There are 2 protein chains.
Amino acid sequence: MASPIHQRLREDVLASVFAPDEPLTEAKLTERYGASRTPVREALQRLEQDGLVERRGKAVVVRTHSAEEIIDIYESRIILEQAAAAKAAVKATALDRQLLTGLLAQMQQLDPSDGRALAETNRAFHAQLWRATHSPSLIGLLERLDQQVRRYTLTTLTYPGRWPVVLADYAELLAAIEGADPGRAGDIAARHMSEALAIRLKMYAEDPRTL
Amino acid sequence: MASPIHQRLREDVLASVFAPDEPLTEAKLTERYGASRTPVREALQRLEQDGLVERRGKAVVVRTHSAEEIIDIYESRIILEQAAAAKAAVKATALDRQLLTGLLAQMQQLDPSDGRALAETNRAFHAQLWRATHSPSLIGLLERLDQQVRRYTLTTLTYPGRWPVVLADYAELLAAIEGADPGRAGDIAARHMSEALAIRLKMYAEDPRTL
DNA sequence: CGGCATACTTATGTATACAATCGTGTACAG
DNA sequence: CTGTACACGATTGTATACATAAGTATGCCG
């Protein structure tokens with residue numbers, strides 16, 4: 001499986017290639033990706049199940065989220081990230097810790113204005129933290145939630161003054177994991193995600209279009 | 001959408017109609033459900049994404065879980081059920097509480113040996129509790145986890161002495177929700193699910209085939 | 001002039017034909 | 001007798017033709 005057009009369409013949706021109300025007709029995608037309707041339909045179905053697109057009437061459009069929905073997803077994610085951090089503190093192997101340390105070092109050398117690089121490495125750090133739980137179900141749930149808001153997450157990292165705090169949080173989190181302290185690791189993760197939500201809310205209040 | 005054969009196939013998989021290593025060939029399903037390959041393939045893909053079937057080499061088979069995997073899923077579910085109960089204590093409407101009360105009353109009048117009825121109403125109770133959170137993301141995550149182990153959950157409820165404890169837990173949980181006490185509601189839910197996991201582990205130790 | 005019915009256009013839902021691939025069995029060689 | 005290579009069969013992946021239904025525009029009637 002893992003049809004190439006499935007991934008290409010996903011990337012395009014996440015990269016906001018399509019307007020929020022632009023109908024993703026099978027004919028259009030067929031031409032765009034040079035495949036027939038069958039694999040296109042398959043890709044659309046998968047993205048629909050992932051919550052990245054939705055059927056509106058007959059047409060399929062990229063799914064947008066209201067402010068309430070994004071808050072809701074964030075709140076669920078706070079819970080899962082807390083649980084993941086706590087579990088990682090118990091289950092992480094030496095390799096996991098090494099990889100996390102390396103990623104943090106990488107992040108510390110980035111240009112804080114390069115939003116794209118920030119988002120990319122930040123995501124890699126989170127993904128590695130999830131893997132460090134060695135819990136397939138947790139990883140699956142977190143990936144699912146992350147995907148649904150990935151189109152929006154770029155913005156919080158470039159919020160004035162945010163990036164240094166992120167780095168400090170991660171350093172503290174790693175220390176808690178090194179110390180095998182699940183309670184502290186969970187608290188840090190929960191606080192970190194709560195702050196991210198708070199920033200998002202503030203940004204929304206300042207300019208509702210940032211959604 | 002909501003193809004009827006998708007639901008039928010799902011029900012059959014959950015009802016263990018197919019052997020764990022029986023290949024679900026499209027030809028066979030085509031004949032069984034009287035549809036062509038296209039909708040059958042669609043159904044298979046959806047079930048695959050739901051984690052109910054998996055591709056083994058070329059064939060698709062119903063997914064089985066090792067003891068470790070089931071424990072892992074339970075542990076994630078403990079976290080989510082705790083969060084859901086806590087949130088329900090805050091967000092539940094009068095209607096939600098009424099529905100939960102009604103379901104509990106129903107459960108108290110069931111024959112404790114009728115495993116099928118127990119499982120059914122128990123599931124309805126959980127589902128209503130999830131809805132009482134009014135959190136689409138939480139509901140989605142819990143539904144996802146539940147589906148993956150639904151084939152196994154029947155058994156814990158009929159474990160000797162378990163059912164009365166379940167009813168007592170639910171009554172206590174409802175009281176916490178009525179009292180709008182999220183901490184207590186979460187604790188009860190977490191304890192309840194932990195006990196369910198413990199029972200499953202005990203059953204597995206007594207007879208590994210119960211998986 | 002406005003609303004509703006109806007025909008038409010366009011997109012999706014379904015079936016089937018064709019292509020490619022994977023697994024398997026068999027035959028041959030070492 | 002065993003390991004490997006090759007060929008065949010079965011099953012899935014892809015393309016396309018056909019059926020159906022939803023959305024839309026137009027024209028007629030009120």
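Chain letters run A, B, ... following the sequence lines, proteins first and then strands; every chain starts at 1. All heavy atoms count here, side chains included; hydrogens, waters and symmetry mates do not. Keep in mind it's a predicted model, so treat the numbers as computed, not measured.
Shown here are the side chain to side chain contact (heavy atoms under 4.5 Å, CB included) partners of Ala83(A), two or more places apart in sequence or in another chain: Ile79(B). For Arg63(A), the side-chain hydrogen bond (donor to acceptor under 3.5 Å, both in side chains) criterion is met by no residue, not counting sequence neighbours. Remark: Lys28(B) engages Glu22(B) in a side-chain hydrogen bond (donor to acceptor under 3.5 Å, both in side chains) (not counting sequence neighbours). Listed by chain and number, the residues in a side-chain hydrogen bond (donor to acceptor under 3.5 Å, both in side chains) with Thr133(B) amount to none (sequence neighbours excluded). The side-chain hydrogen bond (donor to acceptor under 3.5 Å, both in side chains) test applied to Ser16(B) returns no partner, not counting sequence neighbours. In this view, Phe125(A) and Tyr170(A) satisfy the ring-ring contact (aromatic ring centres under 6.0 Å, His included) rule, not counting sequence neighbours.
Rounded to whole angstrom, the span from the CZ atom of Arg41(B) across to the P atom of dT12(D) amounts to 8 Å. What separates NE2 of His6(B) from P of dT14(C) is a distance of 13 Å, to the nearest Å. Rounded to an integer number of Å, the gap from Arg55(A) CZ to dA11(C) C1' is 11 Å. As a whole-Å value, the separation of Glu42(A) CD from dT12(D) P is 14 Å. In this entry the distance linking CD of Gln45(B) with C1' of dG13(D) reads 11 Å, nearest Å.
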Distances under 3.5 Å between protein N/O atoms and the N/O atoms of nucleotides 21-23 of chain D, please, pair by pair.
unit_1  : atom_1 : unit_2   : atom_2 : d
dA21(D) : N3     : Lys58(A) : NZ     : 3.3

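Scanning residues 21-38 of chain A for heavy-atom distances under 4.0 Å to DNA chain C yields Leu24(A), Thr25(A), Glu26(A), Arg37(A).
Axis orientation changes by 10° from one end of the helix from dC1(C)-dG30(D) to dG30(C)-dC1(D) to the other, with each end axis drawn from 5 pairs and the value rounded to 10°.
Here CG of Leu138(A) is found 6.5 Å from CG of Leu80(A). Values are rounded to the nearest 0.5 Å.
A donor-acceptor pair shorter than 3.5 Å cannot be found between the side chains of Glu81(B) and His192(B).
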Sequence neighbours left out, cut at 3.5 Å: what donor-acceptor pairs do the side chains of residues 139-148 of chain A make with other protein atoms?
unit_1    : atom_1 : unit_2    : atom_2 : d
Arg144(A) : NH1    : Gln49(A)  : O      : 3.3
Asp146(A) : OD1    : Arg77(A)  : NH1    : 3.4
Asp146(A) : OD2    : Arg123(A) : NH1    : 2.7

Quick one: side chains of residues 93-105 of chain B, donor-acceptor pairs under 3.5 Å with protein atoms, not counting sequence neighbours, listed by atom name and distance.
unit_1    : atom_1 : unit_2    : atom_2 : d
Thr93(B)  : OG1    : Leu95(B)  : N      : 3.3
Thr93(B)  : OG1    : Asp96(B)  : N      : 3.1
Thr93(B)  : OG1    : Asp96(B)  : OD2    : 3.1
Asp96(B)  : OD1    : Gln128(B) : NE2    : 3.2
Asp96(B)  : OD2    : Thr93(B)  : N      : 2.9
Asp96(B)  : OD2    : His134(B) : NE2    : 2.7
Arg97(B)  : NH1    : Ala92(B)  : O      : 3.2
Thr101(B) : OG1    : Arg97(B)  : O      : 2.8

Report, one line per pair, each donor and acceptor closer than 3.5 Å where one atom sits in a side chain of residues 8-15 of chain B; sequence neighbours left out.
unit_1   : atom_1 : unit_2   : atom_2 : d
Arg8(B)  : NH2    : Tyr33(B) : O      : 3.3
Arg10(B) : NH2    : Asp50(B) : OD2    : 2.3
Asp12(B) : OD2    : Arg32(B) : NE     : 3.3
Asp12(B) : OD2    : Arg32(B) : NH2    : 3.3
Asp12(B) : OD2    : Tyr33(B) : OH     : 2.6

